[in-house]
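Atoms considered below: every heavy atom in the structure, side chains included; atoms not considered: hydrogens, waters and symmetry mates. Every chain is numbered from 1, with letters handed out A, B, ... down the list of sequences. Predicted, not measured: the structure shown is a model, and the values here were computed from it.
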2 protein chains.
Amino acid sequence: MAATIKDVARKAGVAFSTVSLVLNDRANVSPETKERVRRAIEELNYRPKHSARSLASKQTGNIGFILTDDHFSRAEPFYTKIFLGTEFESRLYNYYILLTTIPPSFKAATDTPRFLREHNVDGVILAGHVPTALSKLLDELDIPHVYVDYSHQKKQSNVVMMDNLNGAKAAMKHLFQLGHEKIAFIGAEITHPSISSRFEGYKVALADASIAYSEQLIQIQKTFLSVEEGFNATEILLRKNRNFTAILAANDAMATGALQCLKKNGYKIPQDVSIVGFDNIDAGTLTMPQLTTVNIDKEELGAIAVRRLIEMINSKKQFLGTIYTPVDLIIRESTSPTASN
Amino acid sequence: MAATIKDVARKAGVAFSTVSLVLNDRANVSPETKERVRRAIEELNYRPKHSARSLASKQTGNIGFILTDDHFSRAEPFYTKIFLGTEFESRLYNYYILLTTIPPSFKAATDTPRFLREHNVDGVILAGHVPTALSKLLDELDIPHVYVDYSHQKKQSNVVMMDNLNGAKAAMKHLFQLGHEKIAFIGAEITHPSISSRFEGYKVALADASIAYSEQLIQIQKTFLSVEEGFNATEILLRKNRNFTAILAANDAMATGALQCLKKNGYKIPQDVSIVGFDNIDAGTLTMPQLTTVNIDKEELGAIAVRRLIEMINSKKQFLGTIYTPVDLIIRESTSPTASN
DNA sequence: TACGTTGATCGAAACGTTTCGATAATTGTA
DNA sequence: TACAATTATCGAAACGTTTCGATCAACGTA
């Protein structure tokens, strides 16, 4: 059997509560006893047991990570990276991450994650779209939580976002510099705050460059930000209007779909049409040509969320506001100057 | 404050140990008290606290998932899927998964995962390459563990594998049927049991078809199973010998690299050269043409590992042997009949 | 009728920590 | 020199469960 705190105490010749003081690096322990206890711990290879610690300290040492099902199946690589970011960061602070998914049709009665029911997390990170019922539940439970890449409007909360607006503007600026003016936008899930900001960036960039906005160049799908919908959106676009020389896609998946669609229709990329994606998912280097895209440091988003959450847990503060992380344009092969340039 | 078992007992008018009996569905509780307790639980919205339960029952309710760092950065989508498989399956059995990565140069003194130090898991799942030092540590700690997609030779253990041999043979048979005989093999990390089995399958298939094996058609890299190395291997292959009409790649990443290399060299795929990958990663549908590949049900591998592990935890059995899950060929666009067919 | 069995419930101990009030020893202050 | 304040250590209670032996009532059996 593994050694307990009492074994250590016996070996060091102190009360076991003193060992606890040493363990937690509390004040008012003499250097000598500290050393003696340290040695006993070393010799017995003692490690405090997590569950006992949790019970006594009323802290679980766990952080919950919640994602809707469909995010995993659809946009997996993006949120997976965010998850991994939380995982690595939380290790530095001695927290475990407990992952779970929920259905988009979340109902508190049936879908409440087990770690919430069992009081097994000190705080929660929510990535991507969050059902309103879940937000409400978390508010009621009075448990610290931070959103990543999502937010409920008109509600005070803690949010980690990337700078979608400037990302889209940077992408547009790049296209302008290459001589493009007829630039199409394809998207979906336009109610998602990140996507609507990207679309906003597209429009602002046009306005800044004094180029007229045209509905003819916009195709926003009712469904998902998938490769397939990127393909579909581009097909519709081609039917409406063959006059564009570049496409800004709401994410890399749609950009990939656009690429496939244009190639099937005999276009050469980037010679005939330039394409810019968003997210910089790994698969963007597998397409031919490789995608020019707006890079998001997904791991960093997760890391920031963890630091945020731990700050909230420790300070008991409720609302720390919204953080924006910067993004940057990665120029690869899917963009080039217009023919006239 | 949340209700405790004592609150429930008071409300139901029973001893709190009786509530525990009901909670754990033990024998010898009358239907009436059972009902009374159930109602009290319902009314108070009581849920047993995980940490208290762990402490008393000496079971943590957690399963550790260990992966080497480089697996996450390199072959991410593959092992990530396995991880997700364990996550979903473990939920059914009321276990939490605790994920951690370790360096390939694992040293017990410095790199032992925290959940092992803190006695915070009932068992461990190891995916992909496992450092020998870690295997030894787990044996010493006497903690149930199962390997997924890896195994240490000549050691009794618990392993979940896919049927690599037959996967490779199925891929070869497909190529034979299309008329291919000059089939190249590219690979890397040949010491990994899965990869060596795939290579073995390649050779067995040739022998079964009475086609001579030629070193000229083999290129095995010293490094990693990456897109880049697939590219490199194919370049070397082209220098050695331009006589092949098909390539079997050790995994999809290398197949993608081969595809990129051949296209850069002016080959048309699949008209000039057919390519078959292995793993069926999502990105295989993003290439043009889409990859023909051997499908592995990665989530299922994870799920099997969880069931295995829980069986071991409950039965105290040490060695349950090796399970092989079937694989199947997915024919997409990267393979076609030879010119002569 | 007496007694062993069985079934239902209870009470107490145990799990391994943290935390807090008490106590003893030491130091500082007037 | 006496007393207050501070520092170091201790002991006990608390955290919220599970588990096990004890108790008691009801029942069947001889």
**Asked** Just how far is it from atom CZ of B:Arg114 to atom OG1 of B:Thr100, taken to the nearest 0.5 Å?
**Response** 9.0 Å
**Prompt:** Side-chain N or O of A:Arg53 less than 4.0 angstrom from OP1 or OP2 on C:dT18?
**Reply:** yes
**Asked** What is the distance, rounded to the nearest whole Å, between atom CZ of B:Arg47 and atom P of D:dT17?
**Response** 12 Å
**Item:** A:Gln59 CD - C:dT17 C1' separation (whole Å)
**Value:** 14 Å
**Message:** Whole angstroms only, please: what is the CD-P distance between B:Glu32 and C:dG7?
**Reply:** 15 Å
**Item:** Per B:Ala15 side chain, nearest of listed nucleotides C:dT17, D:dT17, C:dG11
**Value:** C:dG11
**Separation of D:dC15 P from A:His119 NE2 (nearest whole Å)** = 15 Å
**Request:** Verify salt bridge (charged side-chain N to carboxylate O under 4.0 Å, His left out) between A:Lys136 and A:Asp139, making sure each step is shown before the conclusion.
**Result:** CA-CA 5 Å; A:Lys136 236 180 75 189; A:Asp139 286 339; over 6 Å; no
**Request:** Using atom types as modelled and distance alone, determine if a side-chain donor or acceptor of A:Asn62 lies under 3.5 Å from a backbone N or O of A:Asn120.
**Result:** yes
**Message:** Checking contacts here: which listed nucleotide (D:dT9, C:dT9, C:dT17) is nearest the side-chain heavy atoms of A:Val29?
**Reply:** D:dT9
**Prompt:** Do B:His71 and B:Phe78 make the cut of ring centroids closer than 6.0 angstrom?
**Reply:** no
**Request:** Could you check how far CD1 of B:Ile5 sits from C1' of D:dT17, rounded to whole Å?
**Result:** 6 Å
**Complete:** Per atom distances to the B:Leu55 side chain, the nearest of C:dG16, C:dT9, D:dA8 is C:dG16
**Request:** Could you state the atom-to-atom distance from CG of A:Asn28 to C1' of D:dT6 in whole Å?
**Result:** 8 Å
**Request:** Might you work through the side chain to side chain donor-acceptor pair (under 3.5 Å) test for A:Ser51 and B:Arg53, ending with a clear yes or no?
**Result:** CA-CA 9 Å; A:Ser51 53; B:Arg53 198 165 230 195; over 6 Å; no
**Request:** Give a yes/no answer on whether the side chain of B:Thr33 brings an N or O atom under 4.0 Å of OP1 or OP2 in C:dA8.
**Result:** no
**Test side chain to side chain donor-acceptor pair (under 3.5 Å) applied to A:Ser135 and A:Tyr147, step by step** = CA-CA 10 Å; A:Ser135 282; A:Tyr147 297 88; 2.7 Å; yes
**Item:** Of the listed nucleotides D:dG16, C:dT9, C:dT17, the one nearest the side chain of A:Pro48
**Value:** C:dT17
Measure all distances between protein nitrogen or oxygen atoms and nitrogen or oxygen atoms of nucleotides 19-29 of chain C, and list the pairs falling under 3.5 Å.
| unit_1 | atom_1 | unit_2 | atom_2 | d |
| --- | --- | --- | --- | --- |
| C:dT19 | OP2 | A:Arg26 | NH2 | 2.5 |

**Complete:** Note: for B:Lys34 and A:Tyr46 on DNA chain C, the residue whose nearest nucleotide lies more 5' is B:Lys34
**Asked** To the nearest angstrom, how far is A:Asp7 atom CG from C:dC15 atom P?
**Response** 11 Å
**Message:** Heavy atoms from C-beta onward define the side chain here; which of C:dC15, D:dT17, D:dA8 lies closest to that of B:Lys6?
**Reply:** D:dT17
**Request:** Using whole Å, report how far NZ of B:Lys58 lies from C1' of C:dT17.
**Result:** 15 Å
**Prompt:** Under 6.0 Å between ring centres, would you say that holds for B:Phe88 and B:Phe83?
**Reply:** no
